[in-house]
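Below is one structure, written out as structure tokens, with a few remarks after it.
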Amino acid sequence: MERSLSMELVRVTEAAAVSASRWMGRGLKNEADDAATTAMRTVFDTIPMQGIVVIGEGEMDEAPMLYIGEELGTGIGPEVDVAVDPLEGTNIVAAGGWNALAVIAIADKGNLLNAPDMYMDKIAVGPEAVGKIDIDASVTENLLAVAKAKNKNIGDVVATVLNRERHTAIIDEIRAAGARIKLINDGDVAAAINTAFDETGVDILFGLGGAPEGVIAAVGLKCLGGEIQGRLVPSNDAERERCLKMGIDVDKVLYMDDLVKGDDAIFAATGVTDGELLRGVQFKGGFSETHSLVMRSKSGTIRFVEGRHSMEKKPLLVMQD
């Protein structure tokens, strides 16, 4: 992939973030998602690449754009797999909450797992704890391993978990082990990425979340030198049958190279609402300000990008009620 593609992708996430942020706190999650999706799809038409959506808004008959199998880009440039989440955290934006993102992950063609839309059991850590975790080990064993790797007492370790009833046993075990917890209502891509940045105060992610989001998080963590392990968790026979048809063993642990192959991948995200790592979009009258993160695994480069956008010269970013 060409080096310049990294910054091109930031333009895509910026457009999606600004458009979605217009709906912050208005209680209209579908409208926020539609705004992000439309903006992202429009800017993708200007990106010099030959992209195929492998993780998107759904199957062709479920989504009008950014559907699985859709071709993106100008048709000139590298052939890439594209994973998108135009608005990770629709409920977050509707409520004006924390850590909503517009996210893109790409890799060379054939290198991203086409993860079915179902649950994935996940565990994720930053670089210091790579090789120390095991999804088949107990929560306590993983907490102790991360504490040792980061030279911390277990009481200093912070685990992030989605605040769901299905995670009651995980939460109880974390508390019994003496570690601390940051419960989140949505947004486990951001939560997984946060494990690789000291300033977020997060050490490890546990629990079930979306499988597509697991692949996107894997790209980000590959760029950061972190690690995620996952296992698909079908909710019914239909989901299990779909995995079999796709050639995916639901009992197999999915490691980094199963989720994203090769040594070249790019991750880009722009904050929609404020979070530990990225600020949300701010409107200043005639312009808006964005805060983005873009990373490439091949070079190990991590960039934070601050953007200022003229609302007069970018009419796409002006919400239409």
Side-chain angles (χ1 to χ4, degrees), residues 1-26 28 31-49 66 72-74 77 82 84-90 92-106 187 189-190 193-194 197 199-200 216 219-220 223-224 266-296 299 301-321:
M1 290 186 288
E2 297 176 14
R3 189 176 356 181
S4 60
L5 198 55
S6 296
M7 297 307 297
E8 292 281 359
L9 293 177
V10 173
R11 294 174 44 235
V12 181
T13 57
E14 285 175 340
V18 173
S19 296
S21 69
R22 289 290 196 175
W23 297 93
M24 187 181 76
R26 299 180 63 188
L28 300 169
E31 286 79 355
D33 190 48
D34 288 346
T37 301
T38 300
M40 182 172 278
R41 180 63 183 83
T42 300
V43 180
F44 259 128
D45 283 340
T46 70
I47 305 302
M49 68 180 194
L66 297 180
L72 300 177
T74 62
V82 182
V84 299
D85 197 343
L87 180 55
E88 202 230 353
T90 55
I92 295 172
V93 173
W98 201 250
N99 269 331
L101 301 175
V103 187
I104 297 169
I106 70 169
V189 171
I193 299 302
N194 283 349
F197 289 93
E199 57 265 40
T200 67
I216 294 172
V219 174
C223 295
L224 289 161
I266 298 173
F267 175 96
T270 299
V272 179
T273 61
D274 287 339
E276 294 95 342
L277 192 63
L278 295 173
R279 298 189 306 276
V281 177
Q282 297 184 7
F283 293 97
K284 308 288 187 179
F287 61 92
S288 61
E289 293 182 344
T290 56
H291 192 208
S292 304
L293 168 67
V294 60
M295 309 179 287
R296 187 180 182 191
S299 63
T301 302
I302 301 167
R303 289 186 176 94
F304 287 91
V305 181
E306 296 186 350
R308 176 177 288 198
H309 312 275
S310 168
M311 306 310 289
E312 179 181 349
K313 295 181 179 180
K314 295 184 178 180
L316 171 68
L317 305 183
V318 179
M319 180 183 66
Q320 300 296 322
D321 281 325

Intermediate values then yes/no, side-chain contact (heavy atoms from CB on, under 4.5 Å), V281 and M24: CA-CA 10 Å; V281 177; M24 187 181 76; over 6 Å; no
Residue pair R26 / R22: nearest heavy atoms and the distance that separates them: CD-O, 3.6 Å
With sequence neighbours excluded, residues passing side-chain hydrogen bond (donor to acceptor under 3.5 Å, both in side chains) with E31: none
Minimum heavy-atom distance G275-N99, with the two atoms named: CA-OD1, 3.1 Å
Minimal non-hydrogen separation, I92 against T273, with atom names: CG2-OG1, 3.8 Å
Gap separating the CD1 atom of I193 from the CD atom of E276, nearest 0.5 angstrom: 12.5 Å
Salt bridge E14-R11, side-chain N to carboxylate O under 4.0 Å: no
Nearest heavy-atom neighbours spanning L5 and P48: CD1-O, 4.1 Å
Full working for side-chain contact (heavy atoms from CB on, under 4.5 Å) between L66 and L72: CA-CA 8 Å; L66 297 180; L72 300 177; 3.9 Å; yes
From L101 atom CG to L277 atom CG, the distance as rounded to the nearest 0.5 Å: 8.5 Å
CG-CG distance between L28 and D33, expressed to the nearest 0.5 angstrom: 12.5 Å
Shortest non-hydrogen contact between V272 and A102, atoms and distance: CG2-N, 3.7 Å
T38 side chain vs A35 backbone, donor-acceptor pair below 3.5 Å: no
F44 side, atom CZ; I104 side, atom CD1 - distance, nearest 0.5 Å: 3.5 Å
Any side-chain heavy-atom pair of L224 and F197 under 4.5 Å: yes
Beyond-backbone contact of R308 with K284, side-chain heavy atoms, under 4.5 angstrom: no
Residue list, side-chain hydrogen bond (donor to acceptor under 3.5 Å, both in side chains) with E306, at least two apart or on another chain: R279
S292: side-chain hydrogen bond (donor to acceptor under 3.5 Å, both in side chains) partners, not counting sequence neighbours: T270
Closest non-hydrogen atom pair between A16 and A36, with its separation: CB-O, 3.6 Å
Nearest-0.5 Å distance that lies between atom OG1 in T301 and atom CZ in R296: 8.0 Å
Criterion side-chain contact (heavy atoms from CB on, under 4.5 Å) on E88 and I216, from CA distance to verdict: CA-CA 11 Å; E88 202 230 353; I216 294 172; over 6 Å; no
Test item: V294 and L9 side chains (from C-beta on) under 4.5 Å apart, heavy atoms: no
Pairwise distance OG1(T37) to CG(D85) - rounded to 0.5 angstrom: 8.5 Å
